[in-house]
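Computed from a prediction, not measured in an experiment: that's the story for all the values here. What's counted below: heavy atoms across the whole structure, side chains too, no hydrogens, waters or symmetry copies.
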Amino acid sequence: MERTSPESRNDSAHDLQAFAVLLRTLTSETNRRAHSFAHSHGLHATDVHALAAVMDSAVTEGRPMTPSRLAERLSLTSGAVTACIDRLERAGHIGRTRDSADRRVVHLEYKPAARALARQYFSPLARSTEAAMEQFTPEQLATVADFLQTLNQELAADRFGGGQGQEPSR
C-alpha cells in the first residue's frame with residue numbers, strides 16, 4: 001500500500017475533493033469488511049449497521065438502544081426494524097430486555113458472545129487503526145477526532161434537516 005509523505009498530506013489538507021476521496025475510500029473499505037462479516041454470518045448489511053448502533057449507543061449516548069431509536073438511526077420503518085431485530089435475536093447477537101421503570105420500553109443489548117465474535121472478526125481493522133494512530137502525535141489525533149466528530153454532527157444535522165445541504169431531487 002502506498003503511503004503519502006507528510007508534505008503531500010499537507011498539500012492536500014485543504015482540498016475538499018482530496019478529503020472526499022479519502023473519506024469514500026475509508027467508507028468503502030469499512031463497508032467491504034462489514035458486508036463480509038454479514039455474509040459470513042448469514043446477516044443482512046443492515047443487520048451489521050444495527051449491531052454497530054446498538055453497541056455504540058451506550059458509548060455515544062450513555063444509554064441502551066431502543067427499537068424506535070434504532071429505526072430512526074437507520075432510517076427504517078417500524079416493520080423493517082422489527083424484522084432486523086428479530087433476525088439478530090434469532091442469530092444470538094442481541095437480546096431484548098424491558099426497562100425496569102417503564103415496562104413498555106424495550107432495550108436492545110449486544111450479547112457478550114456476539115461482541116466477542118465481532119471483536120475477533122474485526123481485529124485486523126483494529127490493528128490497522130492502531131498502527132495508523134501510532135504514526136501521529138496525541139495532538140494530531142485530537143485534531144482528527146475533532147474533525148470526525150464535527151463532520152458527523154454536520155452530516156446528522158443535514159440528515160435531520162438542520163444542515164445546509166439539500167436532498168437531491170428525485
Take Q140 and T143 through the test side chain to side chain contact (heavy atoms under 4.5 Å, CB included) and record every step on the way to the result. CA-CA 5 Å; Q140 289 171 317; T143 300; 5.6 Å; no
For a 4.5 angstrom cut-off between non-hydrogen side-chain atoms, does [X] reach [Y]?
X    : Y    : value
V105 : D102 : yes
Y121 : H41  : yes
L70  : T66  : no
R119 : S123 : no

Can you list the steps and then say if M65 with R73 is a side chain to side chain contact (heavy atoms under 4.5 Å, CB included)? CA-CA 10 Å; M65 181 59 75; R73 173 91 46 90; 3.6 Å; yes
So which atom in [X] and which in [Y] form the shortest heavy-atom distance, rounded to 0.1 Å?
X    : Y   : value
A38  : H44 : CB-O, 3.7 Å
Y110 : H93 : CD2-O, 3.4 Å
A50  : L88 : CB-CD1, 3.9 Å

Hey, is the main chain of [Y] close enough, under 3.5 Å, to the side chain of [X] for a donor-acceptor pair?
X   : Y   : result
R69 : P64 : yes
T30 : T27 : no
S75 : A71 : no
D47 : L43 : no

With side-chain hydrogen bond (donor to acceptor under 3.5 Å, both in side chains) as the criterion, how do S57 and R63 come out once you've worked through the C-alpha distance, each side chain's angles and the decisive distance to 0.1 Å? CA-CA 6 Å; S57 181; R63 59 186 177 154; 5.6 Å; no
Can you check salt bridge (Lys or Arg N to Asp or Glu O under 4.0 Å) on R32 and E29, steps first, answer last? CA-CA 5 Å; R32 185 187 66 74; E29 184 59 27; 2.6 Å; yes
Under 4.5 Å between side-chain heavy atoms, counting indirect links through other Ile/Leu/Val/Met/Phe/Trp/Tyr residues: same cluster for [X] and [Y] or not?
X    : Y    : result
L151 : V21  : no
V48  : L125 : yes
L148 : M55  : no

Looking at [atom1] of [X] and [atom2] of [Y], how far apart are the two atoms once the value is rounded to the nearest 0.5 Å?
X    : Y    : atom1 : atom2 : answer
I94  : C84  : CD1   : SG    : 7.0 Å
E134 : L141 : CD    : CG    : 10.0 Å
D56  : H49  : CG    : NE2   : 12.0 Å
I85  : L108 : CD1   : CG    : 4.5 Å
F37  : L51  : CZ    : CG    : 6.5 Å
T82  : L76  : OG1   : CG    : 10.0 Å

Using the side chain to side chain contact (heavy atoms under 4.5 Å, CB included) rule, take L22 and L26 through it: C-alpha gap first, then chi angles, then the decisive distance, then the call. CA-CA 6 Å; L22 292 170; L26 174 62; over 6 Å; no
Under the side-chain hydrogen bond (donor to acceptor under 3.5 Å, both in side chains) rule, collect the residues that match up with H107, sequence neighbours excluded.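 By the side-chain hydrogen bond (donor to acceptor under 3.5 Å, both in side chains) rule, H107 matches D99.
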Check ion pair E109-R96 (N to O, under 4.0 angstrom):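 Looking at E109 and R96, the cut-off is not met.
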Taking the basic N atoms (NZ, or NE/NH1/NH2) and the acidic carboxylate oxygens, is any pair closer than 4.0 Å for E89 and R87?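 Looking at E89 and R87, the cut-off is not met.
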More than 12 heavy atoms of other residues, nucleotides or ligands under 6.0 Å from CD of Q120: is that the case?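 Atom CD in Q120 is not packed in, count stays at 12 or less.
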